[in-house]
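This report concerns only the one structure given below.
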There are 2 protein chains.
Amino acid sequence: MRSVQDHLAAVLAAVGPVAPLDVALHDAVGCILAADLVARRDLPPVPVAERDGYAVASHETAGAGYESTLSLPVAHDVRAGGMPLRLAPGQSVRISSGGPLPLGADAVVPIEETDRGAARFAMQRPAVAGQHVRAPGADVRTGEVVLPAGTRLGARQLALAAAMGHGRLHVHPTPRVVLLSVGDELVEPGAVRPAEGTVFEADGHALEAAVRDAGASPVRVGIVSDDRSALREALEDQLVRADLVVVTGGLSELVGDTVKDVLATLGSVRLDQVAMTPGFRHGFGTVGAELGRDREVPVFALQGHPVAAQVSFEVFVRPALRAMAGHVELYRPSVAAQATHGWSSPVGLRQFVPATVLGSPDEGYRVTPLGDPGSPTVSALALANALAVVGEQDATVHAGQVIHCLVLEG
Amino acid sequence: MRSVQDHLAAVLAAVGPVAPLDVALHDAVGCILAADLVARRDLPPVPVAERDGYAVASHETAGAGYESTLSLPVAHDVRAGGMPLRLAPGQSVRISSGGPLPLGADAVVPIEETDRGAARFAMQRPAVAGQHVRAPGADVRTGEVVLPAGTRLGARQLALAAAMGHGRLHVHPTPRVVLLSVGDELVEPGAVRPAEGTVFEADGHALEAAVRDAGASPVRVGIVSDDRSALREALEDQLVRADLVVVTGGLSELVGDTVKDVLATLGSVRLDQVAMTPGFRHGFGTVGAELGRDREVPVFALQGHPVAAQVSFEVFVRPALRAMAGHVELYRPSVAAQATHGWSSPVGLRQFVPATVLGSPDEGYRVTPLGDPGSPTVSALALANALAVVGEQDATVHAGQVIHCLVLEG
């Protein structure tokens, strides 16, 4: 039997960031930048107005004020995107925010501080050189590293990349995760009159959401038969588009469960008993080489019960996906919380218990298990906001004991 | 001039949750449940094995133990999905996790606690009635409200819904947000030799990511000309698929900026000056009725500068989208943080400053502005993890002053 820690180490040793690729901005959302992003030119490239108003030579506005009637003739309108003009002495131009300042102008008088004149305009006070002007390079200077490799690309980082003119970015692409749910007993939810003994397929639906939440791209294949050739064919078909494969179900030692045998023919996958509950049997390895593929694809085989599958996903698959996506931080946040009451836990196994964690950093946290910790249910997990983690050496948790909890939300 | 608070109140008064719809599980990810989800049958519907092993009648195992040689003949294999069998007296069946317990059996002996025999099996100790058996209704009982209306549907909630056989869920669908970037000066990032004076389109790319991050579905239309008929046509075309429209750019008072006029012909949109910086001009209203549409679509018109557009999105559009998606919590988390040094702020305007917030709940938080708070840049915003919010009455922030900060990450 392998410890959780050893199994996780083996998993993380076998996966690495997906090979970097230039992708369009649209596809870079949520990805990790694989190389420093360097500015190719100054931003803005020329001095631009920061406000709608009038561009002026500030030294020509010295007489302006409430007691004065100074006004300047307006020669042109300059909009963003216009070509830079030359300001004739004693003149002004109307300019909109983002518009290039005319040569000879050094300040912008905001329209709200004027009489909004079209042919001439009057201002309330003298302009100060540089006011409401964004100098060339004020945002970014040519050659500057604006975003270092390792940056996660969200809205604000994409804004910067786009504003600098980058249409594609060099990133670790989002891992594509193929999900297969194995078992002749499975039927799709929504089936009108499921036969007695059939089980609704839940793992693929749940893991599709979990994969997306982890920042990867799920491909839910759906239900695959236990039949060896059907399972093998489905796996072979899907390897083309997979960076990672997760198979759920079909892991028991009974004759009809074929996942272990089929994976063995496709690559190097070992089946372990991992010292945890729920989720005792774990297949992990790589496939592809036996098929003549140029790259090995990591494969997880998880037990089919939805709680086992989801806990195993949280503990092993999610960190692997984060590593493949190039993230440095692989794990969910965790808190230490006092148990509101006690429960028992199997010695020798790490126990993961759906639980509610309440509290705050100031007042501390309290953790309450949902349902029977020895037999966690899919409904308890749906209502939980955390997994309480009880160590292998503990036979009981006593009320007041401080328990390490993985926070699933927030 | 309208206050930030009044403008936000007007926005939130004009939007409401998108009308509920039955959607497939795949499309329900991240949505808010619009009605209580009620169990239609017990889960599991029959007693099932919780472990791989042997199903037995516990009273027939009383003699088992290390000193004993008790073994039972194995009659059948029962896999998940099989029909329930009847256990003959004195016999056992091999059963896999999830398999229905035969009539007459009341316990499962895990395979790890046996000799794994095929024709007969020997066990280490007597079985206790009910051990490793999941009773009917142990997860969910018929008629029980398993997920209340208002629940956000993530992986664990979808697992429960799927396991109960629900193929579709009644949710507030994800709002579809159409993004138009207006301006003849705009060119797509990646353009090889952009003409002098052109500006790279950044708002649509940034807001596409921001909309997705807010849990809504973006449709980035891209660059639209200032030409009135082109802009009107683009808006009319997009209204069909929009629950909300965000237009960026084209808001100045100069002749070429047409957004205000075109929106006026399509519906009831007012242009306000909102007492904030960046992002001073704000269009908001609804369009559709003038076009004979059966529903009014909310429209935001935001200033084109990427920092103004993104700050305005954070302050007004994001809460509106959250409300439309059915969320109760509309706002980003915020923290109170001590300013590491001072800066000035325009009296009468609420100032939003890209900033770095560091610290922890225990030791408190510190906030440092990035760049010039009076002229926030797209690069500062890209490096920020928060927006420091300075009140309308403050002319300065002094070092040590406690500032309210919107946390943009984490």
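Just so we're on the same page: letters track the sequence lines, and every chain starts at 1.
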For A:Thr377, does its backbone N or O pair with a side-chain atom of B:Asp139 as donor and acceptor, under 3.5 Å?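 The answer is no, because no donor-acceptor pair under 3.5 Å joins these two groups.
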Proximal component of [X], with respect to chain A [non-hydrogen, under 4.5 Å]:
{"X": "B:Ala163", "answer": "both"}
{"X": "B:Pro376", "answer": "backbone"}
{"X": "B:Leu381", "answer": "both"}
{"X": "B:Leu207", "answer": "neither"}
{"X": "B:Phe313", "answer": "neither"}
{"X": "B:Gln157", "answer": "both"}
{"X": "B:Ala384", "answer": "both"}

Straight-line distance of [X] [atom1] to [Y] [atom2], nearest 0.5 Å:
{"X": "B:Asp257", "Y": "A:Asp52", "atom1": "CG", "atom2": "CG", "value": "7.5 Å"}
{"X": "A:Ser96", "Y": "B:Gln303", "atom1": "OG", "atom2": "CD", "value": "10.5 Å"}
{"X": "A:Arg51", "Y": "B:Ser252", "atom1": "CZ", "atom2": "OG", "value": "12.5 Å"}
{"X": "A:Met164", "Y": "B:Ser379", "atom1": "CE", "atom2": "OG", "value": "9.0 Å"}

Any salt bridge between B:Arg281 and A:Glu112, counting N to O under 4.0 Å?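 Yes, this pair counts.
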Before accepting this row, confirm whether a basic side-chain N of the pair B:Arg156/A:Glu314 lies closer than 4.0 Å to the acidic partner's carboxylate O.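 No.
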Of the non-hydrogen atoms in [X] and [Y], which two are nearest, and what is the gap between them?
{"X": "A:Leu147", "Y": "B:Ala382", "result": "CD2-CB, 4.2 Å"}
{"X": "B:Ala159", "Y": "A:Ala206", "result": "CB-CB, 3.5 Å"}
{"X": "A:Ala162", "Y": "B:Ala202", "result": "CB-CA, 3.7 Å"}
{"X": "A:Val29", "Y": "B:Arg212", "result": "CB-NH1, 4.0 Å"}

Could you tell me which portion of A:Leu153 (side chain, backbone, both or neither) has an atom closer than 4.5 angstrom to a non-hydrogen atom of chain B?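 When you check distances to chain B, no heavy atom of A:Leu153 falls under 4.5 Å.
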Looking at [options], which one has more heavy-atom pairs under 4.5 Å with chain A than the rest?
{"options": "B:Gly190, B:Pro354, B:Pro194, B:Gly249", "value": "B:Gly190"}
{"options": "B:Glu188, B:His26, B:Gln273, B:Glu201", "value": "B:His26"}
{"options": "B:Asp362, B:Val187, B:Leu25, B:Leu158", "value": "B:Leu25"}

For chain B, which of A:Gly371, A:Gly167, A:Ala155, A:Pro278 has the most heavy-atom pairs under 4.5 Å?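 Top count of heavy-atom pairs under 4.5 Å with chain B: A:Ala155.
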Greatest number of heavy atom pairs closer than 4.5 Å to chain B - which of A:Pro45, A:Ala138, A:Pro361, A:Gly204: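 The residue among A:Pro45, A:Ala138, A:Pro361, A:Gly204 with the greatest pair count is A:Pro361.
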Can you name the side-chain hydrogen bond (donor to acceptor under 3.5 Å, both in side chains) partners of B:Arg40, sequence neighbours left out?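 None.
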Pair A:Ser375, B:Glu50: side-chain N/O donor-acceptor within cut-off below 3.5 Å: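 Yes - a donor-acceptor pair under 3.5 Å links their side chains.
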Quick check: do A:His305 and B:Arg134 have side-chain heavy atoms less than 4.5 Å from each other?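 The answer is yes, as the side chains (C-beta and beyond) meet within the 4.5 Å cut-off.
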For atom CZ of B:Arg116, is the number of surrounding heavy atoms from other residues, nucleotides or ligands below 6.0 Å larger than 12?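 Yes, enclosed.
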